[in-house]
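Any value given below was found using the heavy atoms of this structure, including those in side chains, with hydrogens, waters and symmetry copies removed. What you see is a predicted model; the values in this text were computed from it and never measured. In what follows, every chain begins at residue 1, and chains take the letters A, B, ... in the order their sequences are listed.
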There are 2 protein chains.
Amino acid sequence: MAATENSEALTQRLADSGLRSTPQREVVYNVLLKKRDHPTADEVFSRVKFELPTISLATVYNCLETLVQCDLVRAVNFERAPTRYCPNLRPHAHFHDEQTGRTHDIDLPPAVLEKLNGVLPRGFDATSVEITFRGKATKFTS
Amino acid sequence: MAATENSEALTQRLADSGLRSTPQREVVYNVLLKKRDHPTADEVFSRVKFELPTISLATVYNCLETLVQCDLVRAVNFERAPTRYCPNLRPHAHFHDEQTGRTHDIDLPPAVLEKLNGVLPRGFDATSVEITFRGKATKFTS
DNA sequence: CTTATATTTAGAATAGTTCTAATTCCGGCT
DNA sequence: AGCCGGAATTAGAACTATTCTAAATATAAG
C-alpha cells in the first residue's frame, strides 16, 4: 500500500468524524504503521520527534486518542503498564511474552469469536471482546 | 462453607509461601469473599475499616498483593481504571457493563479454553489467558 | 482579510500505586 | 518470662502515566 493511500484513508476517517488532517496526526499514524511493535505513547513521542522535533507529548496523546476514536488504532492495555498502540484492525488477541516484554498479535478466526460469544448467558450483549495471553514465545517467533 | 474454613485455607496458603496469617490479611480476604463485586483497593479499604479502623491503605495494597501471589485472589484490570480484586478462582472471563460500570464473572467451559489455546501458533506457550467482554447487560442479570 | 473554530503546546494537576523508613508484631530460643 | 530477628504494618513521600488548563497558533469558511 502506498503511503499516500494510508494518508488518504486517515484524512477520510478524520473528515468522517468532523476532524482535520494535521501533520502531527499524519506522522503519529505513520509511525504506528511503520513499526508495529505496540509502542507506548512515550515511544511514539520519541519516534515522531525525528520528523517533528517540536511536537509535544500532550499532542502525541491527543493524536493517539483521536486515532483510537476514528477506529484506525487500538489501545492495548496490559495490567497497569503504559498503554500501547496497535494499528492492526483485524480481530486479534495479544500474546504478551513475559521474558522479552514483547507483544505479538494473534489472529482470531471467526469460529473462535463465535464460540466465545456463546459463553455469554442470555442478557449479556457484548460489543467487543479483548483477549490477552501471557506466557513465553519459545521459537519460530520473530 | 464455614468462615473458619476460608480462614484455614488462607492460613495454609500463606504458610505455603512462608508468610504469616495476620488480622489484616484475614479481614481483607473476608471482605473480598463476602461481597464479590470486584471492589477496587479503595473500596476494600473502606470496607475493611469497619473491622480494623486503624488499617492503612498501604496495608490493604500489601494484603491484596499477597493474596494475589498466593493465588487466592485475581487482580482484574480494565483499561486504565483502578485494579479490581476477585476471589473467584474458577476459569472465567469478565463482562464489563458500560452502563452501570459493574463487572460480571462469566464461567469459561474447558472446551472454550481449549479452542482458545488452539489459536496460538507453534512457538507460543501461554500460561494464562485473560478475556474481557464489553457491552451492556440487558436483563436477567442481578 | 477577518473571524470562528480546531489544534497544538508547555506545564500544572491528578490519581492510583509503590516506595521508604520507622515502628510494631510475633514466633522461636534460652 | 524475656530477648532476638525477621516479618508485617504504617504514614507519608514519591513516582508515573495520563489528563487538564489556558494560552498561542493554524486553518477553513465567508
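- Atom C1' of nucleotide C:dC25 and atom CD1 of B:I55 are separated by 14 Å, given to the nearest angstrom.
- A:S56 has no side-chain polar atom (N or O) that falls below the 4.0 Å cut-off from OP1 or OP2 of C:dT8.
- Looking at heavy atoms from C-beta onward, B:D107 lies in side-chain contact with B:H92 at the 4.5 angstrom threshold.
- Using a 4.0 Å heavy-atom cutoff across all strands shown, B:T22 reaches sugar-phosphate atoms only and no base atom.
- Looking at B:L108 and B:V129, their side chains never come closer than 4.5 Å, going by heavy atoms from C-beta outward.
- Between the side chain of A:R47 and the main chain of A:V31, no donor-acceptor pair closer than 3.5 Å is present.
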Report all interatomic pairs (protein N or O, nucleotide N or O of nucleotides 13-18 of chain C) with separations under 3.5 Å.
unit_1 : atom_1 : unit_2 : atom_2 : d
C:dT17 : OP1    : B:T83  : N      : 2.7
C:dT17 : OP1    : B:T83  : OG1    : 2.9
C:dT17 : OP2    : B:Y61  : OH     : 2.6
C:dT17 : O5'    : B:Y61  : OH     : 3.3

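- D:dA8 atom P lies 16 Å from atom CG of B:L52, rounded to whole Å.
- Sparse packing is recorded around CD of A:E51, with 12 or fewer heavy atoms of other residues, nucleotides or ligands lying under 6.0 Å away.
- Of the listed nucleotides (C:dT9, D:dA8, D:dT9), D:dA8 has the atom at the smallest distance from the side chain of B:L19.
- To the nearest angstrom, P of C:dT7 lies 12 Å from CG of A:L67.
- In this structure, NZ of B:K49 is placed 17 Å from P of D:dT9, rounded to the nearest angstrom.
- Between B:H38 and B:H94, the ring planes lie perpendicular to each other; the angle is over 60°, past the 30° to 60° tilted range.
- Rounded to whole angstrom, the span from the CZ atom of B:R20 across to the C1' atom of C:dT24 amounts to 11 Å.
- If you take CD of A:E51 and C1' of C:dT8, they are 17 Å apart, rounded to a whole angstrom.
- Distance from the side chain of B:N62 is smallest for D:dT10 among the nucleotides C:dT8, D:dT10, D:dA8.
- No donor-acceptor contact under 3.5 angstrom links the side chains of A:Q12 and A:E8, judged on distance only.
- Between A:L64 atom CG and D:dA17 atom P the separation is 15 Å, expressed in whole Å.
- Spacing between atom CG of A:L14 and atom C1' of D:dA28 amounts to 15 Å, rounded to whole angstrom units.
- Relative ring orientation between B:H104 and A:F124 is described as perpendicular, the plane-to-plane angle rising above 60° on a 0-90° scale split at 30° and 60°.
- Within the structure, every side-chain polar atom (N or O) of B:Q24 is placed at least 4.0 Å from both OP1 and OP2 of C:dC25.
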